[in-house]
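What follows is one structure encoded as structure tokens, with my remarks underneath.
Note on naming: letters A, B, ... go to the chains in the order of the sequence lines (proteins, then strands), and numbering restarts at 1 for each one.
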Amino acid sequence: MPELPEVETIVRALKNGGRGEASILGKKIKSGEILWQKTLEYPGRSEFEAAIVDRGVMDVGRRGKFIDIDLGESHLLIHLRMSGDLRVELPPLSEALPHDRFLLNFKDGSRLAFNDTRKFGRIWLTQSTATPLKNLGIDPFDEVLTTDLFFLNLHKKKKQIKSLLLDQSFIAGLGNIYTDESLHRAGIHPIRSSNSLTLQEAGRLLQAIRATLNESIERNGASIDWVYRGGEFQNSFRVYQRTGRPCLICGTTIERIVVGQRGTHFCPQCQPEGVG
DNA sequence: CCTGAAACCTGTCTGC
DNA sequence: TGCAGACAGGTTTCAG
């Protein structure tokens with residue numbers, strides 16, 4: 001479930017409570033338990049376990065799709081990848097669930113559990129947030145990102161627009177759902193070359209990205225398949241997972257192609273291959 | 001620089 | 001019922 005709106009929803013819940021869960025702000029750490037070795041990306045296990053003890057949760061934030069748990073002198077960074085999820089549990093605690101990969105035990109008896117069926121998720125404990133975040137591109141909501149700058153950046157590359165939007169070093173936070181939804185909203189075909197977009201199209205696309213992400217955040221993100229997180233944005237999808245169904249704008253049948261190895265959904269009428 | 005394929009993993013669904 | 005194959009909200013690495 002991990003694109004910007006879902007990560008943002010989780011971060012807000014960890015910080016302020018919500019989704020039926022408690023805030024972790026101010027909690028003191030008793031221990032960190034690595035249940036699947038490869039989930040810990042950095043540092044080594046013993047160093048990690050020693051360094052995390054006695055730290056307190058000062059703040060929780062988001063950078064792209066990374067969850068940033070500020071421990072004061074260090075940061076615990078979590079990336080959920082494809083199937084990761086976090087939950088806060090209060091005492092009395094039960095056994096860890098199947099697919100739990102990491103447990104952060106607090107001194108008050110509660111814990112933060114990282115569950116990740118596919119084992120792609122990763123955590124880092126770093127002094128500065130630099131290490132895994134240094135290649136992240138601009139946040140879509142950064143006010144520095146104007147239409148002019150976006151247009152300029154698009155024209156520095158010669159890449160299929162869908163793949164470029166998925167590139168986290170170009171813009172941080174979009175994934176497969178929100179690229180498809182944003183491109184449809186902007187009326188741009190997913191395989192258009194980035195440097196072929198006009199200034200007007202760049203403006204439309206940036207506006208579409210922000211509107212789509214904002215609407216999803218308002219609905220607590222999207223919940224699909226068997227992973228239910230209380231989000232509702234899946235009910236507002238225009239093209240994602242709507243192959244063969246009518247476009248909500250023009251009625252044309254939504255098509256599915258593969259772009260950069262990712263399933264891609266679009267309306268051939270609203271998103272023509274040429275400049276629109 | 002750009003594209004595609006493969007790898008890392010487990011689970012679900014579809015079709016024969 | 002069984003089984004192969006496709007597919008899944010992500011990212012990295014490598015070949016051409």
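As a whole-Å value, the separation of A:R101 CZ from B:dT10 P is 7 Å. Put simply, CD on A:E41 is 13 Å from P on C:dT11, counting in whole angstrom units. Rounded to an integer number of Å, the gap from CD1 of A:I123 to P of C:dG10 is 20 Å. Nucleotide C:dT11 holds its P atom 12 Å from the CG atom of A:N135, rounded to whole Å. The CZ atom of A:F120 sits 15 Å away from the P atom of B:dA6 (whole-angstrom rounding). Here C:dG10 presents its C1' atom at 16 Å from CG of A:L133, a figure rounded to the nearest Å. The distance between atom NZ of A:K159 and atom C1' of B:dG4, rounded to the nearest whole Å, is 12 Å. Between the P atom of C:dA8 and the CD atom of A:E3 lies a distance of 13 Å, rounded to the nearest Å.
Residues passing the side chain to side chain contact (heavy atoms under 4.5 Å, CB included) test with A:E218, sequence neighbours excluded: none.
In this structure, the nucleotide among B:dC9, C:dA8, C:dT11 sitting nearest to the side chain of A:H79 is C:dT11. With distances taken from any side-chain atom of A:Q261 to the nucleotides B:dA5, C:dG10, B:dC2, the minimum falls on B:dA5. Minimum atom distance to the side chain of A:W36 is reached by B:dC9, of the listed B:dC9, B:dG11, C:dA8. Relative to the side chain of A:I224, the nucleotides C:dG10, C:dA8, C:dG9 differ in distance, and C:dG9 lies closest. Comparing B:dT10, B:dC9, B:dG4 by their closest approach to the side chain of A:K38 singles out B:dC9. Side-chain proximity of A:Q168 to C:dG10, C:dT11, B:dC9: nearest is C:dT11.
Here A:K158 does not reach the OP1 or OP2 of B:dC2: none of its side-chain N or O atoms lies under 4.0 Å away. A sub-4.0 Å separation between OP1 or OP2 of C:dT11 and a side-chain N or O of A:R118 is absent. Put simply, A:H99 has a side-chain N or O that comes within less than 4.0 Å of OP1 or OP2 on B:dG11. Phosphate proximity of B:dC1 to A:K156: absent, as no side-chain N or O sits under 4.0 Å from OP1 or OP2. Put simply, A:R262 has a side-chain N or O that comes within less than 4.0 Å of OP1 or OP2 on C:dG10.
Aromatic rings from A:F48 and A:F102 are positioned such that their centres are separated by under 6.0 Å. Ring pair A:F266/A:H184: centre-to-centre distance not below 6.0 Å.
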*Verify ring pair (Phe, Tyr, Trp, His ring centres under 6.0 Å) between A:Y240 and A:F233, making sure each step is shown before the conclusion.*
CA-CA 11 Å; A:Y240 187 79; A:F233 191 67; over 10 Å; no

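Across C:dC7 and B:dA5, the matching P atoms stand 13 Å from one another, rounded to whole Å. Between B:dA6 and C:dG5, the distance separating the two P atoms is 14 Å to the nearest Å.
Residue A:F141 places its CZ atom among more than 12 non-hydrogen atoms of other residues, nucleotides or ligands, all under 6.0 Å distant.
Among A:R63, A:R62, A:H75, the one residue that satisfies the side chain to side chain donor-acceptor pair (under 3.5 Å) test with A:D68 is A:H75.
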_Dot-bracket encoding per residue of DNA chain B, Watson-Crick/G-U cut-off under 3.5 Å, | denoting interstrand_ = .|||||||.|||||||

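Shown here for A:S194 and A:L164, the closest heavy-atom pair between the two residues is CB-CD2, 3.5 Å.
Sorted by first and then second residue, the ring pair (Phe, Tyr, Trp, His ring centres under 6.0 Å) pairs with a member in residues 12-38 of chain A form an empty list; sequence neighbours excluded.
Across all strands shown, A:Y240 has heavy atoms under 4.0 Å from sugar-phosphate atoms exclusively, and none from any base.
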